[in-house]
Novice: 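Please read through the structure below; I'll follow up with questions.
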Amino acid sequence: MNLPTKFEEKIKLLIGEEFSDYIKCYDEPRFYGLRVNTKKISVEKFKEICPFEIQQIPWIENGFYYDGDKVQPAKHPYYFAGLYYLQEPSAMTPANRLPIEPGDRVLDVCAAPGGKATELGAKLNAKGVLIANDISSSRAKGLLKNIEVFGVGNVLVLSEEPGKLEEYFPEYFDKILIDAPCSGEGMFRKDKKMIKAWEEHGPSFFAKIQRSIVTQAARMLKPGGMILYSTCTFDVEENEGTIEYLLKEYPEFFLKDIVPYEGFAEGMPEVTESKSQEFKKTVRIWPHKMHGEGHYLALLQKGEKRKEDTAVKVQKRVKKVPLELEIFFREVTWEMDWSRLEIHGEKVYYMPEGLPDVKGIRFLRTGLYLGDVKKNRFEPTQAFAMCLKKDEYAHTISLAADDERVIKYLKGETLEVDDLVSAKQKGWHLICLEDYPLGWGKLSNGTLKNKYLPGWRWQSA
């Protein structure tokens with residue numbers, strides 16, 4: 001690979017004698033990874049049922065390498081069931097090292113395509129709220145799909161400038177992840193096109209964007225809350241430089257230790273103005289030290305937690321529950337807080353708890369889209385199916401992984417299932433791949449009318 005001379009000279013200054021080892025890594029193949037969705041399946045269970053060879057990523061407890069030249073995990077039905085997300089191994093680190101607790105209010109500022117947001121949502125385990133934002137509305141559409149496949153329902157998917165979010169969420173969040181736009185130096189091996197982008201813009205262009213984002217995020221974080229800042233670049237201006245800028249603007253912030261791994265390299269105090277040894281708490285991931293691409297991480301806390309949180313003015317929602325919805329939910333074991341329903345025309349949403357009024361924000365989804373109230377009936381959505389567990393709905397049809405009807409269902413075809421159900425059964429059924437929901441079907445006389453979402457259907461090669 002022909003690397004820019006200016007880039008090579010910079011790396012030589014950063015790592016000295018290790019430069020030759022670093023350059024050698026460009027002759028090695030990239031690493032492929034998948035991350036298990038612990039909201040749907042335990043790591044131990046996934047290892048039991050995984051149909052292809054995987055190897056543990058040593059610093060990610062639910063992350064695994066796979067051979068991308070031999071297998072295609074995105075073409076297995078388990079992928080459609082949301083049991084895992086395909087993600088570069090180093091890119092799993094930021095969401096893994098941000099200490100999320102169920103019930104937290106979490107913001108992913110630059111969330112598309114969803115690799116980090118899906119992990120944050122899984123760690124919340126349906127408690128609290130995840131706000132996943134990306135300024136690009138086209139990229140946010142892919143983000144929404146990935147979040148829904150993963151079964152994350154306590155979510156708002158937005159497409160806004162971070163500055164606009166400030167108006168709605170002052171000191172609201174417990175945790176914020178900023179996977180910032182960057183010059184991409186750590187991804188040169190994975191994607192050669194990043195080199196051209198680096199030559200066109202360069203680190204200084206991105207440093208300005210990063211400093212705007214981190215200060216806006218700082219104002220949305222509660223006292224005592226944490227920010228995990230990450231990039232996929234090695235540049236000191238974008239990394240230590242951006243963190244030092246934040247600490248100057250908001251001196252109440254301080255750096256926290258990141259859960260260590262033997263391959264992590266310490267941050268570099270010597271490249272900062274202050275020369276503070278605290279910058280050793282930040283982390284660089286170098287591809288010649290670990291089996292992954294380049295990254296930088298910094299974990300910061302905003303002062304000390306207040307004894308009492310600032311009260312959030314919660315938006316008033318619909319009080320009357322449509323009868324059609326109430327009847328459908330007699331077959332669902334969820335404990336519903338009906339005051340969190342929001343209805344727009346026929347569409348019914350189940351909102352996360354403790355939200356302020358978000359009118360005026362550009363969003364792709366607010367809450368879990370449960371379904372549509374039609375005349376004398378309720379029609380559940382694909383997103384709702386993915387949030388359910390098999391035992392949370394009264395009527396299910398379970399297909400084995402090797403049953404040819406699984407692929408037919410994912411393609412949107414009508415199924416004959418009279419061998420799996422009695423002739424008397426009819427109506428809405430949750431279709432499962434073994435124990436894991438895939439979507440809905442409507443049963444009549446042993447024939448299943450397919451309700452799998454058209455935009456998600458299996459595409460033949």
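Computation of the quantities below employed the complete heavy-atom set of this structure, encompassing side-chain atoms and omitting hydrogens, waters and symmetry-equivalent molecules. Positions are given from 1, in the same order as the sequence printed here. Small disclaimer: the values here were computed from a predicted structure and weren't measured.
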Novice: Within 45 degrees of the ring normal and closer than 6.0 Å to the centroid, is that where the cationic atom of Lys449 sits relative to Trp440?
Specialist: no

Novice: With a 4.0 Å cut-off on N to O distance, would you call Lys222 and Asp174 a salt bridge?
Specialist: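 Yes, this pair counts.
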
Novice: Cationic tip of Arg35 within the cone over Phe64's six-membered ring, i.e. under 6.0 Å and within 45° of the normal?
Specialist: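 Judged by the rule (NZ or CZ under 6.0 Å from the ring centre, within 45° of its axis), Arg35 is not positioned above Phe64.
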
Novice: Establish, yes or no, whether a centroid distance under 6.0 Å links the rings of Phe384 and Trp334.
Specialist: yes

Novice: Supply the atom-to-atom distance Arg97 CZ to Leu299 CG, rounded to the nearest 0.5 angstrom.
Specialist: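 Interatomic distance, Arg97 CZ to Leu299 CG, rounded to 0.5 Å: 11.0 Å.
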
Novice: Counting the benzene-type ring for Trp, do Tyr452 and Tyr409 have ring centres under 6.0 Å apart?
Specialist: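 Between Tyr452 and Tyr409, the centre distance is under 6.0 Å.
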
Novice: Heavy-atom count check: over 12 atoms from other residues, nucleotides or ligands less than 6.0 Å from Glu161 CD?
Specialist: no

Novice: Would you give the length of the straight line joining atom CD1 of Ile11 to atom CH2 of Trp286, rounded to the nearest 0.5 angstrom?
Specialist: 4.5 Å

Novice: When you look at Ser183 and Glu238, which way does the side chain to side chain donor-acceptor pair (under 3.5 Å) test go after all the steps?
Specialist: CA-CA 8 Å; Ser183 59; Glu238 297 181 74; 2.5 Å; yes

Novice: Is there a donor-acceptor contact under 3.5 Å from the side chain of Lys302 to the main chain of Leu221?
Specialist: yes

Novice: Using the side chain to side chain donor-acceptor pair (under 3.5 Å) rule, take Asp372 and Tyr369 through it: C-alpha gap first, then chi angles, then the decisive distance, then the call.
Specialist: CA-CA 9 Å; Asp372 297 338; Tyr369 177 23; 2.6 Å; yes

Novice: Return the orientation label for the Phe188 and Trp198 ring planes: parallel under 30°, perpendicular over 60°, tilted otherwise.
Specialist: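 It falls in the perpendicular class, over 60°.
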
Novice: Using the six-membered ring of Tyr32, assess whether NZ or CZ of Arg30 lies under 6.0 Å from its centre and within 45 degrees of the ring axis.
Specialist: yes

Novice: Quick one about Thr414 and Asn450 (side-chain donor to acceptor, distance below 3.5 Å, no hydrogens or angles considered), yes or no?
Specialist: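 There is no such pair between these side chains.
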
Novice: Under 3.5 Å, is there a donor on one side chain and an acceptor on the other for Glu160 and Tyr168?
Specialist: no

Novice: Would you call Lys10-Glu185 a salt bridge at under 4.0 Å N-O?
Specialist: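 Here Lys10 pairs with Glu185 in a salt bridge, since their nearest N and O are under 4.0 Å apart.
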
Novice: If the threshold is 4.0 Å, N to carboxylate O, is there a salt bridge linking Glu88 and Lys190?
Specialist: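 Looking at Glu88 and Lys190, the cut-off is not met.
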
Novice: Are Arg377 and Glu379 ion-paired here, with the side-chain N under 4.0 Å from a carboxylate O?
Specialist: yes

Novice: Between Glu18 and Lys24, is the closest basic N to carboxylate O distance under 4.0 Å?
Specialist: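 Glu18 and Lys24: not salt-bridged.
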
Novice: Got a sec, which residues hit side-chain contact (heavy atoms from CB on, under 4.5 Å) with Lys426, two or more places apart in sequence or on another chain?
Specialist: none

Novice: Side chain to side chain donor-acceptor pair (under 3.5 Å) for Tyr22 and Tyr26? Distances and angles first, verdict last.
Specialist: CA-CA 8 Å; Tyr22 169 73; Tyr26 284 93; 2.5 Å; yes

Novice: Can we say Glu101 and Lys127 salt-bridge, meaning some charged N sits less than 4.0 Å from an Asp/Glu carboxylate O?
Specialist: no

Novice: Are Lys196 and Asp191 close enough for a salt bridge, meaning some N to O gap below 4.0 Å?
Specialist: no

Novice: Mark yes when over 12 heavy atoms from residues, nucleotides or ligands other than Glu346 sit less than 6.0 Å from its CD; otherwise mark no.
Specialist: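 Counting neighbours around CD of Glu346, more than 12 heavy atoms of other residues, nucleotides or ligands fall under 6.0 Å, so yes.
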
